[in-house]
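Have a look at the structure below, then the notes.
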Amino acid sequence: MMASIQQVVFPFIVCLLHGFLICQGAITGGMLYAKESESREVKELNGLWNFRADKSSARDEGFTQKWFMQSLAKTGAVIDMPVPCSYNDVTQDRTLRDFVGWAWYDKEFIAPNSWGSTLNRVFLRFESAHYNTVVWVNSKQVVTHEGGHLPFEAEVTSLLNYGQENRITVAVNNTLTPDTLPPGTVTHKSDTKRYPPGYYVQNLQMDFFNYAGIQRPVKLYTTPLVYIDDITINTTISGSTGIIDFSIAHISGAVNVTVELFDAANQLIAKYSGTKGKLTVKNAKFWWPYTMSDTPAYLYKMKVNVSSSGVHDIYRLPVGIRTVKTTDKQFLINGQPFYLHGVNKHEDADIRGKGLDLPLVIKDFSLLKWLGANGFRTSHYPYAEEIMDLCDKLGIVVIDESPGVGIKTLENFDNTSLAHHIEVMTEMWRRDKNRPSVVMWSVANEPNSKASVAGPYFKSVIAHVKSLDPTRPVTFTIADMPFPPQLDQAAQYVDVLCINTYYAWYSDPGHLEVITLQANNDLVEWHKEFNKPVIQSEYGADTIPGFHVDPPLMFTEEYQVEFLKNYHAAFDQLRKDFFVGELIWNFADFMTDQSVTRAVGNKKGVFTRQRQPKASAHLLRQRYQSLINDTLTNCNKHNNIVKSNTIL
Ligand code: GCB
């Protein structure tokens, strides 16, 4: 690759100076998922867009030549690019796969004539684009966003030509720096005997490919002038009664607000007038993970109606009534001990990279059910809302993880990084705060938590999340084990210790016989030090499907099976005490950067990247299905007792 770090990052800074980019700063307003109602219309802008990577040496030609002023095809050669999709793997062009810098998209569309009324507003929404994004509508800049996995939007009412063609132009830059999340660096190789002039490389601090582009859907949606901007709910339980505290934010003017609650059969069961209040549900049906109840994942529907001078805005929010709490040894859902037997995932598959693909999403949920997994961690970034919706609906529990993966160097802990991390956590909370499936926030994966700076850094990030959401536990995953817990500077601030270990893999490679002993000792020691429940948040072994050796050798299917069995032996001893969950690394194989330790990506999946089972998937299935049987028997026993107590 050509051009230096200064050159790659520079255009972004130049844009800032010239006012191209007005960074959003403090987060205001809501980010309700764009959906249709009696008062709202949605138009998806997915499909084929024009695409052009700016391969100029400083990656700045798009800005200096103002590509956004005309259709992209007039600025040079364009190719068709699907949206949503990562741009990296869809062509045969290696330089596009490994491209670092600004990539440009544009699309023309008709804004419906009917939207042109003065009573309407129109918003343009991106469910995500990776990483820094600038958006123009009809050559006018409308929004910028920093961060690759969360939605952003802008009102474009006055910029559209109704009943005519309009053009959206998007520039998106995937460069990772010490202050981005995830962080990365760019190294300039100045030795011209070894590298061409201006050669640089992007270094990643995470173990997954830096897929880029417009990876989630793009939508236009309408609202009336006075509209519902945000809804925040919190649910509590008292005996068999469910209580929903809510607050509604609306824009703008004098309005009436009514909130109605419907059950799953669409019967009205509670009603309230006002922007802030409580809805009380007697004999409520609670939201349970599907492994804890024969009637899991019960969702009520909250209908919010904001009206002004006879014009209504209506939004429907699914609501699950449930509580989450931790003690020193337990993770409680609705007051009942919950044991998490699930997976870590990636939003990753062939060709489309991290582009949202509904057939793949449904396949993954079907495999989760087949396995008997009752939850997952969104390793290592927030997943698409379409995925989160299914978790709410199906009773799959989620540890919602931020893109704070690989925070290792001093710069990654500086004030700029901290401010950005806090902003990302706010965006993530704002998007996912009402989801019953989200039972814990994970602020980071495997930071250098032994560094002295990690203490104050994570104290601030975790305190910030708790100030936004006092109801859910907060964690980060601890890495580079084994090390004595006394050396850790940040674990003291979490509610649940999430521990990643790779015994007999990265440590003592090949020695399966040490796993059970080491897992037992370390997990007990960490619990003892911090007196908090513990989850094994990662454990796994790379496995090339079809490799067989007996007795097992590393990388064979036999080794992965034995590896898991040895871990499970430790889990089964500790489950009786403080051990509340196990998450295999990983659900499926996934792409990484090229390295001598990765044979076409990370192969620790129990499924291949094409979602076919390795031998380990069958073992895991047996284990998880029998854990479900245990849990359901216990829970139903308990729920019956609760029910009969209530009747008495
Ligand atoms: C880890 C990381 C994960 C890697 C995994 C591995 O600890 O959290 O992102 O992919 O190890 O396979 O090395």
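Basis for what follows: all heavy atoms, side chains included, without hydrogens, waters or symmetry-related copies. It should be emphasised that the depicted structure is a prediction, and the values quoted were computed from it without experimental measurement.
Between the side chains of Asp245 and Asn234, no donor-acceptor pair is found at a separation under 3.5 Å. Neither side chain, Ser86 nor Asn88, offers a donor N or O lying under 3.5 Å from an acceptor on the other. Side-chain contact check for Thr258 and Asn305: no donor-acceptor pair (N or O, by modelled atom type) lies under 3.5 Å. Counting only N and O atoms by type, the side chains of Asn120 and Tyr162 include no donor and acceptor under 3.5 Å apart. Using modelled atom types, one finds a donor on one side chain and an acceptor on the other under 3.5 Å when comparing His464 with Thr426. Between the side chains of Arg377 and Ser442, no donor-acceptor pair is found at a separation under 3.5 Å.
In the displayed structure, Leu48 atom CG is contacted under 6.0 Å by more than 12 heavy atoms of other residues, nucleotides or ligands. Crowding of Lys276 atom NZ: a count of heavy atoms from other residues, nucleotides or ligands under 6.0 Å not exceeding 12. Within 6.0 Å of NZ on Lys393 lie no more than 12 heavy atoms contributed by other residues, nucleotides or ligands. For Lys325, the NZ atom counts as loosely surrounded, since its 6.0 Å shell holds 12 or fewer non-hydrogen atoms of other residues, nucleotides or ligands. More than 12 heavy-atom neighbours from other residues, nucleotides or ligands sit within 6.0 angstrom of NZ on Lys433.
Side-chain contact between Thr175 and Thr180 is absent, with no heavy atoms from C-beta onward closer than 4.5 Å. Counting heavy atoms from C-beta outward, Ser308 and His250 have side chains that stay 4.5 Å or more apart. Contact check for Trp102 versus Val134: side-chain heavy atoms found under the 4.5 Å cut-off. Side-chain contact between Ser71 and Asn50 is absent, with no heavy atoms from C-beta onward closer than 4.5 Å. Side-chain contact check for Phe476 versus Val461: every heavy-atom pair is 4.5 Å or farther apart. Under the 4.5 Å side-chain criterion, counting only non-hydrogen atoms from C-beta, Asp400 is in contact with Met428. For the pair Val83 and Phe126, the minimum side-chain heavy-atom distance is 4.5 Å or more.
Here the options are Lys219, Arg125, Glu127, the test is side-chain contact (heavy atoms from CB on, under 4.5 Å), and the partner is Glu153; only Arg125 passes. If you run side-chain contact (heavy atoms from CB on, under 4.5 Å) between Trp441 and each of Asp495, Thr475, Asp432, only Asp432 comes through.
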Pair Lys345, Glu401 - check salt bridge (charged side-chain N to carboxylate O under 4.0 Å, His left out), show working.
CA-CA 11 Å; Lys345 287 186 92 268; Glu401 184 158 280; over 6 Å; no
- salt bridge (charged side-chain N to carboxylate O under 4.0 Å, His left out) assessment of Lys55 paired with Asp93: CA-CA 13 Å; Lys55 293 188 180 167; Asp93 180 356; 3.0 Å; yes
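Here CG of Leu181 is found 5.5 Å from OH of Tyr131. Values are rounded to the nearest 0.5 Å. With rounding to the nearest 0.5 angstrom, the OH atom of Tyr383 is 14.0 Å from the CG atom of Leu390. If you take CZ on Arg167 and NZ on Lys107, they are separated by 13.5 Å, rounding to the nearest 0.5 Å. Atom CH2 of Trp288 is separated from atom CD1 of Ile333 by 8.5 Å, given to the nearest 0.5 angstrom.
In this structure, His149 and Tyr381 have parallel ring planes: the angle between them is below the 30° cut-off, well short of the 60° mark. Relative ring orientation between His380 and Phe208 is described as tilted, the plane-to-plane angle lying within the 30° to 60° band. Using a 30° and 60° split on the angle between ring planes, Trp136 and Phe63 fall in the tilted class, from 30° to 60°.
Tyr227 has its ring centre no less than 6.0 Å from the ring centre of Tyr221. Taking the six-membered ring for Trp, Phe376 and Phe587 have ring centres at least 6.0 Å apart.
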